[in-house]
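What you are looking at is a predicted structure, and each value in this text was computed from that prediction instead of being measured. Naming: A, B, ... by sequence-line order, numbering from 1 per chain.
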Amino acid sequence: MCGRYNLVTDAQALVDFFDVAMAIDPVFVPRYNIAPTQFVPIVRDQGRGRDLLNARWGLVPHWSREGETKYSTINARAETVAEKPTYRASFRHRRCLVPATGFYEWKAGDNGKQPYQITLAGGGLLAFAGLWDRWIGQEGELFSFSIVVTAADASMQGLHERMPVMLEPKDYSTWLTGSGDVVSSLLRPHGQNLELRPVSRYVNSPAHDDPRCLDPV
DNA sequence: CCAGACGTTGTT
DNA sequence: GTCTGG
DNA sequence: CCAGACGTTGTT
DNA sequence: GTCTGG
């Protein structure tokens with residue numbers, strides 16, 4: 001699963017790395033502790049080049065009555081994303097990249113749960129496979145997204161059973177604008193070398209969003 | 001037919 | 001114990 | 001994901 | 001909007 005992540009970079013690096021043509025919401029600050037319901041940048045391609053848009057983590061389907069869900073939509077299972085009513089249409093027509101520099105998992109132990117940060121070995125930006133939707137209500141429109149998760153491979157070193165689908169740069173365009181089997185074939189681990197490091201329990205509180213979230217244990 | 005759900009993970 | 005908020 | 005709340009009425 | 005349960 002992926003219930004917390006970070007995006008420690010600057011706006012220009014995001015635009016460069018993801019080849020963004022249009023920054024719709026250019027305001028951006030480094031994020032050390034991104035929690036569900038918060039607004040963070042996603043990358044889309046609506047046919048006129050890639051755009052960067054702030055969206056809410058936790059997908060609200062366009063047909064939602066209340067503009068919220070009573071169930072969790074922060075993750076979508078790769079195994080069923082093509083069929084589930086909440087994700088099906090977004091999987092076919094509204095895929096996105098979710099920029100990140102790492103994500104967090106908690107491992108239960110004798111002394112309670114220990115948070116770990118997972119990054120690419122060597123660091124750098126990565127992209128989770130994401131789905132987005134737009135809900136329209138009286139208060140205006142709400143853009144939101146979900147992160148696709150799959151069975152963890154050996155790179156997770158047994159830390160957790162599930163992990164986000166992390167796309168490679170060569171597959172970004174296919175994920176954003178492809179269709180059919182070629183898109184479905186990306187719903188799997190991509191073999192990146194990952195680095196897992198225990199970090200301070202400071203990260204536990206969603207109210208904390210500063211470099212101390214990455215403090216060594 | 002209408003009403004109601006629509007999700008994931010981990011733990012018991 | 002379970003739901004909501006971040 | 002974790003942290004924190006979890007309720008009602010009457011009065012200001 | 002679309003599927004499932006009754």
Side-chain angles (χ1 to χ4, degrees), chain A residues 1-8 29-41 54-94 98 100-119 128-137 139 141-153 156 158-166 187 189 194 196-210 212-215 217:
Chain A
M1 190 173 189
C2 179
R4 212 78 76 80
Y5 68 99
N6 61 42
L7 180 54
V8 183
V29 295
R31 294 297 309 276
Y32 294 86
N33 193 7
I34 295 165
T37 73
Q38 296 179 345
F39 283 78
V40 280
N54 281 333
R56 178 193 187 268
W57 186 13
L59 186 147
V60 177
H62 61 88
W63 41 258
S64 168
R65 287 180 175 272
E66 306 294 331
E68 58 185 285
T69 59
K70 285 193 169 181
Y71 52 96
S72 177
T73 54
I74 63 174
N75 293 148
R77 290 177 61 85
E79 297 89 335
T80 54
V81 75
E83 293 103 42
K84 292 288 186 179
T86 297
Y87 303 123
R88 179 179 172 178
S90 287
F91 175 63
R92 286 173 69 120
H93 305 295
R94 293 180 291 277
V98 182
T101 46
F103 64 100
Y104 300 102
E105 293 290 358
W106 281 257
K107 186 183 180 69
D110 296 336
N111 298 324
K113 287 187 171 184
Q114 173 62 53
Y116 286 73
Q117 182 196 209
I118 299 94
T119 59
F128 300 143
L131 312 172
W132 66 274
D133 208 344
R134 182 180 67 149
W135 179 84
I136 304 172
E139 309 86 24
E141 56 187 1
L142 172 70
F143 289 91
S144 59
F145 72 96
S146 183
I147 295 170
V148 181
V149 294
T150 188
D153 67 359
M156 283 293 283
L159 178 69
H160 207 74
E161 300 276 322
R162 310 285 299 174
M163 68 179 191
V165 172
M166 289 172 273
L187 295 172
L194 303 180
L196 288 58
R197 187 172 68 79
V199 293
S200 169
R201 282 179 165 81
Y202 184 79
V203 75
N204 284 16
S205 173
H208 296 157
D209 186 16
D210 62 71
R212 293 166 64 188
C213 291
L214 303 179
D215 279 352
V217 176

Classify the side chain of Thr37(A) versus the base of dG6(C) as yes if they form a donor-acceptor pair under 3.5 Å and no if they do not. yes
Span that lies between the P atom of dG1(E) and that of dT8(B), in whole angstrom: 22 Å
Quick one: are Val81(A) and Leu131(A) in side-chain contact, heavy atoms under 4.5 Å? yes
Integer-rounded Å distance: dT9(B) C1' and Met156(A) CE: 13 Å
Say we look at dG10(B) and dT2(E): how far apart would their C1' atoms be, to the nearest angstrom? 29 Å
Grab the NZ-P distance between Lys70(A) and dT8(B) for me, whole Å please. 19 Å
Presence of Arg88(A) side-chain N/O under 4.0 Å of dC3(E) phosphate oxygens OP1/OP2: yes
When you look at CZ of Arg162(A), are more than 12 heavy atoms from neighbouring residues, nucleotides or ligands closer to it than 6.0 Å? yes
What's the gap between dG4(B) and dG4(D) when it is taken at their C1' atoms, as a whole Å value? 30 Å
Using the rule for Phe, Tyr, His and the six-membered ring of Trp, do Trp63(A) and dC6(B) stack at under 5.5 Å and under 30°? yes
Could you state the CE-C1' distance from Met1(A) to dG7(B), rounded to the nearest angstrom? 9 Å
Checking side chain to side chain donor-acceptor pair (under 3.5 Å) between Asp133(A) and each of His93(A), Arg94(A), His62(A), which is the one that passes? Arg94(A)
Among dT8(B), dC6(B), dG10(B), which nucleotide has an atom closest to any side-chain atom of Thr86(A)? dC6(B)
Taking the side chain as every heavy atom from C-beta outward, state whether Val203(A) and Trp106(A) have any pair of such atoms under 4.5 Å apart. yes
Mark yes when over 12 heavy atoms from residues, nucleotides or ligands other than Glu83(A) sit less than 6.0 Å from its CD; otherwise mark no. yes
How would you label the contact of Tyr87(A) with the nucleic acid (heavy atoms, under 4.0 Å): base, sugar-phosphate, or nothing? sugar-phosphate
Arg77(A) vs dT9(B): side-chain N/O to OP1/OP2 distance below 4.0 Å: yes
Let's test this: given Watson-Crick or G-U wobble pairing with both distances under 3.5 Å, identify the partner of dA5(D). dT2(C)
Would you please confirm or rule out a distance under 4.0 Å between OP1 or OP2 of dC2(D) and any side-chain N or O of Ser205(A)? no
Using a 4.0 Å heavy-atom cut-off, does Ser90(A) contact any base of the nucleic acid, only the sugar-phosphate backbone, or nothing at all? nothing
Expressed as a whole number of angstroms, how long is the span from Arg162(A):CZ to dG7(B):C1'? 12 Å
Roughly how far apart, to the nearest Å, are dA5(B) and dT4(C) at atom P? 13 Å
Counting any heavy atom closer than 4.0 Å, what does Ala76(A) reach on the DNA or RNA strands: base, sugar-phosphate only, or nothing? sugar-phosphate
Worked check of side chain to side chain donor-acceptor pair (under 3.5 Å) between Tyr87(A) and Thr80(A): CA-CA 9 Å; Tyr87(A) 303 123; Thr80(A) 54; over 6 Å; no
Figure out the CD/C1' separation between Glu105(A) and dC2(D), and round it to whole Å. 13 Å
When you get a sec, tell me which of dG10(B), dC6(B), dG6(C) is the closest nucleotide to the side chain of His160(A)? dG10(B)
Write down the distance between CD (Glu66(A)) and P (dC6(B)), rounded to a whole number of angstrom. 15 Å
What is the distance from OH of Tyr104(A) to C1' of dG6(C), rounded to the nearest Å? 15 Å
Please classify the nucleic acid contact of Thr73(A) as base, sugar-phosphate, or nothing, using heavy-atom distances under 4.0 Å. nothing
If the C1' atom of dG6(C) is compared with that of dC6(B), how far apart are they to the nearest Å? 23 Å
If you compare every side-chain N and O of Asn204(A) against the phosphate oxygens of dA3(D) (OP1, OP2), does one of them come in below 4.0 Å? yes
Establish, for the pair Arg4(A) and Tyr104(A), whether the NZ or CZ atom is under 6.0 angstrom from the six-membered ring centre and no further than 45 degrees off its axis. no
For Val149(A), answer base if it contacts any base atom (sugar-phosphate contacts may also be present), sugar-phosphate if it contacts only those atoms, and nothing otherwise; contact means non-hydrogen atoms under 4.0 Å. sugar-phosphate
Starting at NZ of Lys107(A) and ending at P of dC2(D), how long is that distance when rounded to a whole Å? 14 Å
